[in-house]
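Just the heavy atoms: all of them, side chains too, but no hydrogens, waters or symmetry mates, feed the values below.
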Number of protein chains: 2
Amino acid sequence: MTVNPTPPAPTSVTINDVARRAGVSVMTVSNVVNGKTSVRPTTRQRVLDAIEATGYRVNPMARALAGGRNRLLSVIAPQLNLPYVSEVLQGATQAAERLGYDLVVMMIGERNTSDLSVMSRLSAGALLIQPSRRGRVRRLHLPQHVVSVDGPSDLPLVVDNYGGARQAMQHLLALGHTRIGFVSGLHSENILSGDTPEAQLWDRDDASERLRGYHDSMALAGLDVPQGYVQHGDYLKESGEVAVRALLALPRPPTALFVSGDAMALGAMHVAQDLGLHVPQDLSIVGFDDLPIAAASRPGLTTVRQPLQHMGETAVQMLIDLVDGQPVTLPPPFPTELAVRESTAPPPHTRPA
Amino acid sequence: MTVNPTPPAPTSVTINDVARRAGVSVMTVSNVVNGKTSVRPTTRQRVLDAIEATGYRVNPMARALAGGRNRLLSVIAPQLNLPYVSEVLQGATQAAERLGYDLVVMMIGERNTSDLSVMSRLSAGALLIQPSRRGRVRRLHLPQHVVSVDGPSDLPLVVDNYGGARQAMQHLLALGHTRIGFVSGLHSENILSGDTPEAQLWDRDDASERLRGYHDSMALAGLDVPQGYVQHGDYLKESGEVAVRALLALPRPPTALFVSGDAMALGAMHVAQDLGLHVPQDLSIVGFDDLPIAAASRPGLTTVRQPLQHMGETAVQMLIDLVDGQPVTLPPPFPTELAVRESTAPPPHTRPA
DNA sequence: TTGAAAGCGATACCAC
DNA sequence: GTGGTATCGCTTTCAA
């Protein structure tokens, strides 16, 4: 079946049509639509009726051009099929819907050819989620107000990675583990050209914070970190596989692993299983992120959950406050939560033989 | 830290600035920018230099207002954290980037409060992905040109669900299975108000097509479908769990399952494992969709893969052709591909005792 | 090939 | 309270 392009769309109804029909000026219609200055109830009703009758809807472009505010927010993310991004987005969407704002999403991939200026000019504010290292976002192309989640901006929302690591370690220590290995994530870089001092806040990157949490936990528990107990990964499954092989090949291998990302943790778990180990009986594993696959795996992966949806909601709230001209305060790092599943248990030697 | 709202943004450079700097009229600048009528090379270069020097970028709103075309496409989907949607989106993004178009995404949730008119007026065309049953999309709010993936439009791209089901069944039959159970998906409905006849094409919904593929495969293999071998699910994990319990409780339970969705298939697999069955030794399972979790599960799930990225790319191609005023032909249903993993094997009785 | 002028649809400022 | 009118940045139509 072939579809031929349709001719130009019919002209839509404008504010003038409404004004004419209601017998008032366009100004009055505008005022009614925007609920601005006080309009006499009878006049207002007349305008409302005219709007209803004509099916009038404001033209966002014209409004934006004329300097008016749109109840529209844009989200900018590297990709949308990243679990991290979609979680934040989910929260953002809910908040936006609740507060009567619309949300549009743009992706900035590696090449960043995207002309962000479209949305940036049309929307009142932008939420940056985990902008990738490659696709640099220039300040110039962003709306006036920007809030970021896991990315740089004047208002960077961050998760308490250090605290999350401490939670994970506390769980393993409480179970009685003393030989705990660690697999790190990737060190991140800064992105926004023209970084503000605030951007540094974000630069305390996740990987380092989690590593610090591991080291502090071990130290506070009076435990040494044996040679080779800290392996470096890149958040991808494969690196978890490599890391666990190295860890298990150690003369005194760990009885538990704290892995900085779920994908790596699952990779590690599968390799351990392939090597004949039982999880959690022979090896406990804790992940980080609580991706969907963490709950779907067998055994279910104990992992540190980030309040991503909540962060998304908060970001949108802040954005709207900013747009409304209210001062906004950056909240402290968001606390994590430990999702305890089946991949953790006491170490082998503490159980009855 | 508190951030105070910044004062109105500095005025940006307009076409007038460029014209003045280049010593030409705005018309000429416009022509250069849009590559329209022939402009004398020297003049063109002068304008280009001025653009470069000033950092000028066209204001999409003004352009849209004035009736010009934007190289902008919008994608409309119910949610973004659905694997199906993000796969299609991925392909669409790539194609758009390759062809020099921008893509913005809007979600229409259950409530559909979103004012789609923003993007629909700004963008040249829209790609509808799996619009939900609840959030009805009114034609009025869509751009002139619409292509859909798994949804209604004049140009609905569909996957060959029937063929996919046949592939899955063929795989199981070739392994020697004769007792094959089926778990169906959910029957879908039509959405677009004011449905065109073409929309009917899409109305041959996935669930029915897969079921038909199952029945035909059995019939063609000369096999009966015993009572209770067809269970009905809703694509969610839980329904797969319920279905497999019913299936395994049958007097002569199946040795293989063809499940219409990966989430259900995984639910079924886990229940079977909990009941002490080994997959695939005691029970083979084939899914449909090839979600990320299908590859991540243990054992890996054999499943029917849909060419979602490819469909996304095709959709964007078509959209752009349409925008360019070229006639477009609806391609036939997209063929699926079987991803063979570890969840399928010959039935128990055919292996050496 | 280039330019001047008239909108596109809405808002804002300032009179009435 | 309500209504002119200039203006936003760009494209289009029609002359030059």
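Using a 4.5 Å heavy-atom cutoff, the side chains of A/N59 and A/T14 are not in contact.
When all heavy atoms of A/A50 and A/A22 are compared, the pair lying nearest together is CB-CB, 3.8 Å. Minimum interatomic distance between B/G125 and B/V323 (heavy atoms only, all atoms of both residues): N-CG2, 4.5 Å.
As a whole-Å value, the separation of A/L65 CG from D/dT11 C1' is 12 Å. Counting to the nearest Å, the C1' atom of C/dC8 and the CG atom of A/D17 are 13 Å from each other. Protein atom CG of A/N34 is 11 Å distant from nucleotide atom C1' of C/dA12, rounded to whole Å. Atom CG in B/N31 sits roughly 9 Å away from atom P in D/dT11 (whole-Å rounding).
Side-chain N/O atoms of B/S25 include none lying less than 4.0 angstrom from OP1 or OP2 on C/dA4. Applying the 4.0 Å criterion to OP1 and OP2 of D/dG1, one finds that A/T28 has every side-chain N and O outside that range. An OP1 or OP2 oxygen of D/dT11 is reached within less than 4.0 angstrom by a side-chain nitrogen or oxygen of B/S30.
For the segment residues 40-47 of chain B, the set of residues with a heavy atom within less than 4.0 Å of an atom of DNA chain C comprises B/R40, B/T43, in numerical order.
At distances below 3.5 Å, at least one donor-acceptor pair connects side-chain atoms of B/R71 with backbone N or O atoms of B/L99.
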